[in-house]
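Just so you know, residue 1 is the first one in the sequence shown, and it goes up from there.
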Amino acid sequence: MKGGPKRPIHAVATWVRRQPPKIKAFLAVVSGIAALLFLRMVVHDHDNLFVSAEAVHALGISVLIFKLTKEKTCAGAGMGKTEDNGEELAGGIVVVGLGKTEDDGEELAV
């Protein structure tokens, strides 16, 4: 496989790995801006994006809680960070719950 043809993604990954840290940082910033611009063009209803982001966040917290209860460790995430994420998630759920009324669908001032 050493002498065989490389896949384009492998060639790009190898090229990025060989770059100096400043170039990697620049590429990361440009990639982040490109991702934000892509989301801005594609997502028309930002409420759906917010709800899906909170759902993914809740799933991540659930996985950490499951791992903590089963393995008694959360390798890769400090407990303080996990607690902060839980507090953020709870706050987000409260804000989403208070943000809409059933009567008219308008947002409440929180």
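The structure places CD1 of Ile61 at 10.0 Å from CD of Glu54, a figure rounded to the nearest 0.5 Å.
Checked options Val29, Val30, Ile23; the residue passing with Leu27 is Ile23 (criterion: side chain to side chain contact (heavy atoms under 4.5 Å, CB included)).
Of all heavy-atom pairs spanning Lys24 and Gln19, the tightest one is CE-O, 3.1 Å.
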